[in-house]
Colleague: 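The structure follows.
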Amino acid sequence: MALSGFRDFYPDQCAARNAIFGTWRETARRYGFVEYDGPPLEPLELFTRKSGPEIVGQLYNFKDKGDREVALRPEMTPTLARMVTARHKDFKKPLKWFSIPQVYRYERPQKGRGREHYQFNCDIIGEASLEADVELIALLIDTLRGFGLTEKDFVIRLSDRQFWTDFMDAKAVPEDHRYAFIQAIDKSEREPREKTVEKLGPLADEVFAILADAGSAKSERLDTVETGLRHRGLQDYVKRDYTVVRGLAYYTGVVFEAFDRTGEFRAIAGGGRYDTLLKNLGDVDLPALGFGMGDMVLADLLNAKGLAPAGKTGNGIYLIIADDGYRPQAMRVLTRLRELGPVHYSFTPAKVGKQFQAADELGCCYAVLVDAKIGDDLVQVKNLKTREQLDTPMADIVSAFTKLDQSAPLAPVHPVNPV
RNA sequence: GCGGCCGUAGCUCAAUGGUAGAGCUCCAGUUUGUGGUACUGGCUGUUGCGGGUUCGAGUCCCGUCGGUCGCCCCA
């Protein structure tokens with residue numbers, strides 16, 4: 001059995017996972033994002049520098065054989081920051097990069113959360129304009145739409161971290177209370193009101209008024225973002241909600257989280273602007289923003305909506321050897337068929353009926369039968385769905401497939417698990 | 001780290017404190033070269049593990065390990 005919190009991917013599950021990856025990649029590329037990757041193992045210090053020593057409790061970390069403190073990456077942003085700051089002069093701004101890393105955390109597994117998952121990361125670096133925020137949120141929306149989800153299924157809750165920073169400035173909240181203040185807002189939905197009131201003190205009434213009526217609080221940034229999304233026809237996918245602050249300390253501007261409308265699942269995705277992070281980590285002053293989306297909550301949601309990508313593996317062509325004496329000639333046919341798509345055949349002599357049954361069970365669309373007629377370079381091609389069959393010279397094999405292809409597309413020529 | 005629920009065949013589950021079973025899956029057949037159904041046969045268990053109560057424990061009790069859901073946390 002796999003370690004607690006880790007997953008085995010049997011072929012059907014692997015195909016389903018790869019289908020998710022496929023939609024992620026396709027959508028990112030349509031937005032002009034390019035893919036990058038980094039090492040799964042990093043110096044421990046890379047993560048403590050960004051998040052403080054407390055994070056170690058949630059990491060898979062250890063000493064390697066060279067006595068180096070290392071950790072499996074819990075997130076992609078520090079790696080991205082390192083890669084970008086090291087070579088940022090090699091790249092024209094803004095950078096639009098995405099990645100699908102497997103990330104790890106040492107926590108007790110629960111629904112939608114294991115000790116590893118794949119996280120679709122999209123970041124724009126080197127662009128201060130709010131147009132980038134609009135573009136990134138649009139990409140998030142289109143990604144979810146790419147799975148067949150609609151505005152009835154999910155909503156992006158939009159907020160502005162800077163709004164709260166300005167608010168705390170205006171109310172002269174002392175520096176050492178600000179983290180707790182933000183935390184209290186973050187938890188206000190899940191905690192009893194009295195507890196939040198206690199934490200917020202005299203500002204409680206004002207804060208609750210803002211949370212209850214997002215329209216009462218001014219944010220030009222959110223006005224601009226909402227207008228930009230309206231121009232794209234995406235206004236129904238978002239809702240202003242100042243309770244979203246994101247736990248992370250490093251966000252500086254517009255932040256957002258994607259939730260399913262039923263509230264049954266935890267957040268599907270989250271992100272925002274982190275304009276000062278690259279300067280703090282790498283001493284390169286570049287504005288940046290990004291989001292992350294995990295595969296587990298997404299898969300749970302798609303399952304619940306009946307939108308899970310088909311995990312069926314198989315199909316292709318089954319090569320039937322009518323008599324094992326023709327096996328040598330059949331191998332020549334096999335090589336030719338392999339140019340067209342996935343081909344299966346029996347490794348050992350078997351009755352024709354058995355071979356047809358095997359073809360069936362594998363979900364093959366076509367059978368190609370080799371018998372005595374191979375002496376005249378003829379093979380029998382059969383559509384296993386319609387049961388139609390015909391003899392054809394090997395040279396015309398492709399047109400035979402086409403001829404027998406009634407309604408279904410010529411499945412064998414399409415890859416089964418596109419990645 | 002804390003709490004609820006659950007551990008019986010590969011899977012889903014039965015079995016009043018009294019000889020551990022079924023369905024599905026898998027494998028092999030149903031006589032000679034055309035498949036999904038049907039039929040026949042076969043494989044698989046230290047009932048998670050360790051103690052205790054009892055004439056007798058899959059069943060009751062204690063512990064432990066594992067799973068799952070939630071809390072904490074969420075970078």
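Each chain gets a letter, A, B and so on, in the order the sequences are listed, and its residues count up from 1.
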Colleague: Does B:U34 have OP1 or OP2 sitting under 4.0 Å from an N or O in the side chain of A:K351?
Modeller: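 No, A:K351 has no side-chain N/O under 4.0 Å of OP1/OP2 on B:U34.
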Colleague: Has the side chain of A:K382 got a donor or acceptor atom sitting under 3.5 Å from an opposite partner on the base of B:U34?
Modeller: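 Checked by distance alone, the answer is yes.
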Colleague: By the definition ring pair (Phe, Tyr, Trp, His ring centres under 6.0 Å), identify the one residue from A:F154, A:F256, A:F259 that meets it with A:Y237.
Modeller: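 Exactly one option meets the ring pair (Phe, Tyr, Trp, His ring centres under 6.0 Å) with A:Y237, and it is A:F154.
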Colleague: Output the rounded distance in Å from NZ (A:K187) to P (B:C71).
Modeller: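 Rounded to the whole Å, the gap is 12 Å.
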Colleague: Using the C1' atom in both, what is the distance from B:U25 to B:C72, to the nearest Å?
Modeller: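 To the nearest whole Å, 42 Å.
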Colleague: Below the 4.0 Å mark, does B:G67 have OP1 or OP2 next to a side-chain nitrogen or oxygen of A:S4?
Modeller: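 The answer is yes; a side-chain N or O of A:S4 sits under 4.0 Å from OP1 or OP2.
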Colleague: Rounded to the nearest angstrom, tell me the gap between atom CG in A:L369 and atom C1' in B:G35.
Modeller: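 Roughly 12 Å, once rounded to whole Å.
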Colleague: Quick check for you: among B:U34, B:G35, B:G33, whose closest atom lies nearest to any side-chain atom of A:Q389?
Modeller: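 Nearest nucleotide to the side chain: B:U34.
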Colleague: Give me the distance, rounded to whole Å, that separates B:G35 from B:G70 when you measure between the P atoms they each carry.
Modeller: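 Roughly 50 Å separates the two P atoms.
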Colleague: When we call it a touch if two heavy atoms are under 4.0 Å apart, what does A:Q110 touch: a base, just sugar-phosphate, or nothing?
Modeller: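 The residue A:Q110 makes base contact.
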Colleague: Is the base of B:C74 touched by the side chain of A:R113 through a donor-acceptor pair closer than 3.5 angstrom?
Modeller: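 Between B:C74 and A:R113, which were checked side chain against base, a qualifying N/O pair under 3.5 Å is present.
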Colleague: Decide if atom OH of A:Y106 counts as having more than 12 heavy atoms of other residues, nucleotides or ligands within a radius under 6.0 Å.
Modeller: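 No, because the 6.0 Å sphere around OH of A:Y106 holds 12 heavy atoms or fewer from other groups.
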Colleague: Given the ring of A:F208, does A:R193 sit roughly above its face, with NZ or CZ under 6.0 Å from the centre of the six-membered ring and within 45° of the axis?
Modeller: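 So A:R193 does make the cation-pi contact.
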Colleague: For B:G4 versus B:U47, give the span between their P atoms, rounded off to a whole number of Å.
Modeller: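 Approximately 27 Å lies between the P atom of B:G4 and that of B:U47.
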Colleague: Would you mind reading off the distance between A:K354 atom NZ and B:U31 atom C1', rounded to a whole angstrom?
Modeller: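 My rounded result for the distance is 13 Å.
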Colleague: For residues A:N121 and A:Q119, is any side-chain donor paired with an opposing acceptor at under 3.5 Å?
Modeller: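 A donor-acceptor contact under 3.5 Å links the two side chains.
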Colleague: Side chains of A:L334 and A:V343, heavy atoms from C-beta outward: is any pair under 4.5 Å?
Modeller: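 Contact flag for A:L334/A:V343 side chains = yes.
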Colleague: Using a 3.5 Å limit on both distances, find every run of at least three consecutive Watson-Crick or G-U pairs that involves RNA chain B.
Modeller: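 Counting only runs of 3 or more consecutive pairs, the stems involving RNA chain B are B:1-7 with B:65-71, B:10-13 with B:21-24, B:26-30 with B:38-42, B:48-52 with B:60-64.
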Colleague: On a plain distance test, is the side chain of A:R387 in donor-acceptor contact with the base of B:G36 below 3.5 Å?
Modeller: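 Between B:G36 and A:R387, which were checked side chain against base, a qualifying N/O pair under 3.5 Å is present.
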Colleague: CD of A:Q380 versus C1' of B:U34: gap in Å, rounded?
Modeller: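 The answer, rounded to whole Å, is 8 Å.
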Colleague: Please report the distance separating the P of B:C61 from the corresponding atom of B:A57, rounded so that it comes out in whole Å.
Modeller: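 Rounded to whole Å, the distance is 16 Å.
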Colleague: If you assign each of A:R190 and A:K111 to its closest nucleotide in RNA chain B, which residue comes earlier from the 5' end?
Modeller: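 Its nearest nucleotide lies further toward 5', so the answer is A:K111.
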Colleague: What is the distance, rounded to the nearest whole Å, between atom CZ of A:R108 and atom P of B:C69?
Modeller: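 After rounding, the reported distance stands at 12 Å.
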Colleague: Using the side-chain hydrogen bond (donor to acceptor under 3.5 Å, both in side chains) rule, take A:Q183 and A:R178 through it: C-alpha gap first, then chi angles, then the decisive distance, then the call.
Modeller: CA-CA 8 Å; A:Q183 288 290 330; A:R178 293 196 169 195; over 6 Å; no
Colleague: Can you tell me how far C1' in B:U44 sits from the matching atom in B:C26, rounded to whole Å?
Modeller: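 Between the two C1' atoms, the distance is 10 Å.
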Colleague: Please give me the minimum heavy-atom distance between A:A269 and A:L140, naming the atom from each residue.
Modeller: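 Shortest heavy-atom contact: CB-CD1, 3.8 Å.
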Colleague: Classify the side-chain pair A:R115/A:Y104 by whether it contains a donor and acceptor separated by less than 3.5 Å.
Modeller: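 Result is no, nothing qualifies.
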Colleague: Tell me whether the guanidinium CZ or amine NZ of A:R161 lies under 6.0 angstrom from the six-membered ring centre of A:Y251 and within 45° of its axis.
Modeller: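 Not satisfied by the 6.0 Å and 45° rule.
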Colleague: Rounded to whole angstroms, how far apart are OH on A:Y251 and C1' on B:C74?
Modeller: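 Computing the A:Y251:OH to B:C74:C1' distance gives 12 Å.
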Colleague: Starting at CD of A:Q183 and ending at P of B:C74, how long is that distance when rounded to a whole Å?
Modeller: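 Rounded to the whole Å, the gap is 5 Å.
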Colleague: Tell me what A:D323 touches on the nucleic acid: a base, only sugar-phosphate, or nothing, going by heavy atoms under 4.0 Å.
Modeller: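 No contact at all - A:D323 keeps every heavy atom at 4.0 Å or more from the nucleic acid.
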Colleague: Below 3.5 Å, does any donor atom in the side chain of A:Q355 face an acceptor in the base of B:U34, or the other way round?
Modeller: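 When only heavy-atom distances are counted, A:Q355 does not reach the base of B:U34 through any donor-acceptor pair under 3.5 Å.
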Colleague: For A:E257 and B:C74, what is the distance between atoms CD and P respectively, to the nearest whole Å?
Modeller: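 Atom-to-atom, A:E257 to B:C74, this comes out as 13 Å.
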Colleague: Could you give the distance separating B:G45 and B:A22 at their P atoms, to the nearest angstrom?
Modeller: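 Roughly 14 Å separates the two P atoms.
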Colleague: I'd like the C1' distance from B:U54 over to B:G10, given in whole Å.
Modeller: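 Pairwise C1' distance, B:G10 against B:U54, rounds to 35 Å.
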Colleague: For A:A322, answer base if it contacts any base atom (sugar-phosphate contacts may also be present), sugar-phosphate if it contacts only those atoms, and nothing otherwise; contact means non-hydrogen atoms under 4.0 Å.
Modeller: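 Base, at least one base atom sits under 4.0 Å.
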Colleague: Between B:G7 and B:G50, how far is it from one C1' atom to the other, in whole Å?
Modeller: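 One C1' to the other, the span is 15 Å.
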